[in-house]
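Residue indices begin at 1 and follow the sequence shown. Note that the coordinates shown come from a computational prediction; the quantities given were computed from them, not determined experimentally. For ligands, and for the atoms within them, numbers begin at 1 and follow the listed sequence.
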Amino acid sequence: MNTAQSGILAALPTHARYLSFSLNDPGQAGTCLTALRETIDGENTVIGIGPSLAAALGATIPGLKPCPSTTAPGLSLELPPDALWLWLRGDDRGELLHRARRLVSIAKPAFTLREVVDAFKHREGRDLSGYEDGTENPEGEAADAAALANTGALAGSSFVATQRWQHDFGRFDAMASDAQDNAIGRRQSDNEELDDAPESAHVKRTAQESFAPEAFVLRRSMPWAEGMAGGLMFVAFGRSFDAFEAQLKRMTGGEDGIVDALFGFTRPVSAAYFWCPALRDGRVDLGPLGL
Ligand code: HEM
């Protein structure tokens with residue numbers, strides 16, 4: 001039976017590394033992926049296959065597609081090379097570095113490492129703005145239903161949308177605490193949802209039950225920092241990209257012209273889409289890729 005890569009459903013780790021690769025030798029891709037399969041357990045390391053890699057292997061993964069670079073007027077995103085994505089989860093940065101080095105060398109004949117983002121858990125699971133993130137995530141069977149495809153050859157696999165957001169801490173600090181709470185739609189002090197939040201509040205833009213059909217995703221975002229810059233590595237797993245795209249459309253004003261107040265202090269700088277294969281008998285199932 002196919003099961004999900006368990007790192008997708010598990011609680012967030014203390015530390016993580018996101019590795020993004022481009023494909024430089026399509027002829028070696030199959031061999032490298034089967035070699036990676038021997039070390040990737042789906043729990044400590046989650047693997048995602050990008051649309052360019054699936055295409056290079058001559059495989060069609062229904063629902064996998066390139067991430068759009070523009071989602072709204074004035075919002076244009078950098079699209080880093082998106083052949084292969086590895087999410088390394090752990091609690092020791094040294095171990096994560098050495099695991100990354102091993103994986104990069106196994107992947108090397110076919111793939112070139114393009115981007116490394118180091119991420120971490122902040123306090124009990126807060127964004128760097130100080131707000132708790134993940135409160136309204138589905139749990140248990142609802143999490144499975146939101147995050148995992150449940151029929152056919154793709155059962156147990158998941159589609160992940162990633163967006164690296166960079167915060168402007170100066171702008172955030174300059175906002176009064178009421179304005180900050182109104183931007184999110186929850187009180188930072190006790191995480192209570194504000195009944196009278198404006199329509200631009202982030203949680204009003206994204207309220208999952210308010211979409212038709214309902215738009216549930218499983219968010220596994222983590223803060224990132226590099227030098228004095230930082231923000232949120234937004235990561236949403238879905239049974240397709242539909243729920244994520246519906247949320248993003250409303251956030252960017254595509255439904256009613258109202259833009260999410262988050263944009264007042266943060267913006268996405270890069271984005272990508274990947275397909276995360278299921279596990280079969282405990283190993284990453286590369287069957288849908290013809291491997
Ligand atoms: C810097 C970027 C972002 C920050 C800081 C952020 C932060 C938050 C916070 C603090 C909450 C409230 C607590 C919770 O339920 O988790 C929340 C909720 C949520 N966010 Fe975000 N978010 C960001 C980007 C996004 C993006 C890009 C999407 C999807 C396109 C999204 C989708 C959601 C959803 C679905 C909820 C739950 C809404 C509900 O059903 O109540 N977020 N976010």
is_close_aromatic([X], [Y]), centroid dist under 6.0 Å:
X	Y	answer
F234	W224	no
F274	W85	yes
F237	F159	no

For residues V203 and E193, determine if any side-chain heavy atom of one lies less than 4.5 Å from a side-chain heavy atom of the other.
yes

Non-hydrogen side-chain atoms of I184 and Q180 separated by less than 4.5 Å:
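They are not in contact (no side-chain heavy atoms under 4.5 Å apart), so the answer is no.
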
Would you say [X] has any N or O atom under 3.5 Å from an N or O of ligand 1, going by distance alone?
X	answer
D127	no
Q247	no
H202	yes
Q208	yes
W165	no

If we only consider heavy atoms of [X], is any one of them less than 4.0 Å away from an atom in ligand 1?
X	answer
R219	yes
A236	no
E193	no

Just need the protein heavy atom nearest to [atom], so name the residue and atom and give the distance.
atom	value
atom 16 (O) of ligand 1	G134 N, 2.5 Å
atom 4 (C) of ligand 1	L232 CD2, 3.6 Å
atom 27 (C) of ligand 1	Q163 OE1, 3.4 Å
atom 14 (C) of ligand 1	T135 N, 3.3 Å
atom 31 (C) of ligand 1	F234 CE1, 3.4 Å

Heavy-atom closest contact (P138 atom, L218 atom, distance):
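Shortest heavy-atom separation between P138 and L218 comes out as O-CD1, 3.7 Å.
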
Out of all atoms in ligand 1, which are within 4.0 Å of some heavy atom of [X]? Include the element for each.
X	answer
D133	7 (C), 8 (C), 9 (C), 16 (O), 43 (N)
V203	12 (C)
Y131	10 (C)
R186	12 (C), 13 (C)
H167	1 (C)
F244	30 (C)
M251	26 (C), 27 (C), 28 (C), 29 (C), 30 (C)

Assess whether atom CD of E141 is packed by more than 12 heavy atoms of other residues, nucleotides or ligands within 6.0 Å.
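12 or below, so no.
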
Among T266, I184, L262, which residue places a heavy atom closest to atom 3 (C) of ligand 1?
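Answer by nearest heavy atom: L262.
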
Which one of E136, E132, R126 has a non-hydrogen atom at the shortest distance from atom 13 (C) of ligand 1?
E132

Are the charged groups of [X] and [Y] less than 4.0 angstrom apart, N to O?
X	Y	value
D133	R126	no
D118	R93	yes
E132	R186	no
E255	R205	no
R99	E95	yes

Aromatic rings Y131 and F172: how do their planes relate, parallel, tilted or perpendicular, breaks at 30° and 60°?
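Aromatic pair Y131/F172 classed perpendicular.
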
Heavy atom under 4.0 Å from ligand 1: found in T206's side chain, backbone, both, or neither?
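Both the backbone and the side chain of T206 come within reach of ligand 1.
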
Do you reckon L262 sits in the same ILVMFWY cluster as L128, going by side-chain contacts under 4.5 Å, direct or chained?
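No, L262 does not connect to L128 through the hydrophobic network.
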
